Student: 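Before anything else, here's the structure in question.
Since this is a predicted model, take the numbers as computed values, not measurements.
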Amino acid sequence: MSKVVMSLPKGMIRNCLMGGIIALLSYLALQFACALLVHREVVGMEALYPMACASAGIAAFLGCGYSVLRRREGSVLTASVVVVVFLTVTLAAAFLTTDSISVANGLTGIGLSMAAGGLAAALIGANMPKKQGRGRRGVRRRTKAG
């Protein structure tokens, strides 16, 4: 393994991967809801791209929020890793389903929305109280009364 992976805190990789999966599943659910709204003609087709960006931001916030809540230390690093996992899986799915990916197709807006959602979760997580460590606690002894 590389030195970067070896120097990460214990359990961070598992939490970040789980956060990425939560972000992906919530993104798919939100995209399904957006497609349903367009299909039922509640909103027009022109609102599809802003809804996709909003759902990417919300999904990244949810995935990063999970990881930040699980590990209260290093919330910016945790959120960054979750956003990278989420963006990588989303890009991999896009490469498998289309012939070409370009910035003109709206990739920049969705990527920035993911980053904004992760940053919001990291900022909220940074303001939360830190986890209490397991310090040495004195053992109370029972004494006989009287």
Side-chain angles (χ1 to χ4, degrees), residues 1-140:
M1 284 217 230
S2 70
K3 288 184 180 182
V4 173
V5 173
M6 295 297 284
S7 65
L8 291 175
K10 183 179 179 183
M12 183 179 163
I13 294 175
R14 182 184 61 212
N15 288 336
C16 290
L17 288 176
M18 192 66 192
I21 290 170
I22 288 172
L24 182 66
L25 291 177
S26 60
Y27 181 67
L28 291 174
L30 289 168
Q31 284 296 319
F32 179 74
C34 291
L36 189 63
L37 289 173
V38 170
H39 177 70
R40 300 268 179 171
E41 296 178 357
V42 175
V43 295
M45 236 359 210
E46 65 277 354
L48 191 59
Y49 181 68
M51 286 191 309
C53 289
S55 62
I58 292 168
F61 179 78
L62 292 174
C64 293
Y66 168 81
S67 292
V68 166
L69 287 177
R70 294 284 293 170
R71 293 196 83 72
R72 295 226 172 104
E73 58 209 25
S75 60
V76 174
L77 178 64
T78 301
S80 301
V81 173
V82 170
V83 168
V84 167
V85 168
F86 180 36
L87 185 61
T88 303
V89 172
T90 306
L91 282 176
F95 278 126
L96 290 175
T97 57
T98 61
D99 293 332
S100 66
I101 302 295
S102 69
V103 174
N105 290 344
L107 181 65
T108 305
I110 291 176
L112 288 175
S113 298
M114 289 178 185
L119 180 64
L123 289 175
I124 291 171
N127 291 329
M128 294 179 73
K130 302 288 184 200
K131 243 195 239 186
Q132 294 292 329
R134 293 185 186 186
R136 294 185 77 181
R137 294 183 182 152
V139 178
R140 294 180 60 189

Student: Looking only at heavy atoms, what is the nearest atom pair of A79 and C64, with distance?
Tutor: O-SG, 3.5 Å
Student: Quick one: side-chain hydrogen bond (donor to acceptor under 3.5 Å, both in side chains) partners of S113, sequence neighbours excluded?
Tutor: none
Student: How many angstroms lie between CG in L36 and NE2 in H39, if you round to the nearest 0.5 Å?
Tutor: 7.5 Å
Student: Would a distance-only check, ignoring hydrogens and angles, find a side-chain to backbone donor-acceptor pair under 3.5 Å from S55 to A52?
Tutor: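 At least one qualifying donor-acceptor pair exists.
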Student: Which atom names give the shortest non-hydrogen contact between M51 and Q31, and what distance separates them?
Tutor: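 So the minimum-distance heavy-atom pair works out to O-NE2, 4.4 Å.
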Student: Looking at CD1 of I22 and CG of L17, how far apart are the two atoms once the value is rounded to the nearest 0.5 Å?
Tutor: 11.5 Å
Student: Looking at CG of L24 and OG1 of T88, how far apart are the two atoms once the value is rounded to the nearest 0.5 Å?
Tutor: 11.5 Å
Student: I would like to know whether I124 and F61 meet side chain to side chain contact (heavy atoms under 4.5 Å, CB included); could you show each step before the answer?
Tutor: CA-CA 10 Å; I124 291 171; F61 179 78; 3.8 Å; yes
Student: Kindly compute the distance separating OG (S26) from CZ (F86), expressed to the nearest 0.5 Å.
Tutor: 6.0 Å
Student: Applying side chain to side chain contact (heavy atoms under 4.5 Å, CB included), run through Y27 and I110 and close with a yes or a no.
Tutor: CA-CA 11 Å; Y27 181 67; I110 291 176; 4.2 Å; yes
Student: Could you measure the distance from the SG atom of C53 to the CG atom of L48? Nearest 0.5 Å is fine.
Tutor: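 Taking SG in C53 and CG in L48, the distance rounds to 10.0 Å.
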Student: Measuring from L112:CG to M114:CE, what's the distance to the nearest 0.5 Å?
Tutor: 10.5 Å
Student: Which atoms form the tightest heavy-atom contact between N15 and S67, and what is the distance?
Tutor: O-OG, 2.8 Å
Student: Could you tell me whether Y49 atom OH has more than 12 heavy atoms of other residues or ligands within 6.0 Å of it?
Tutor: yes
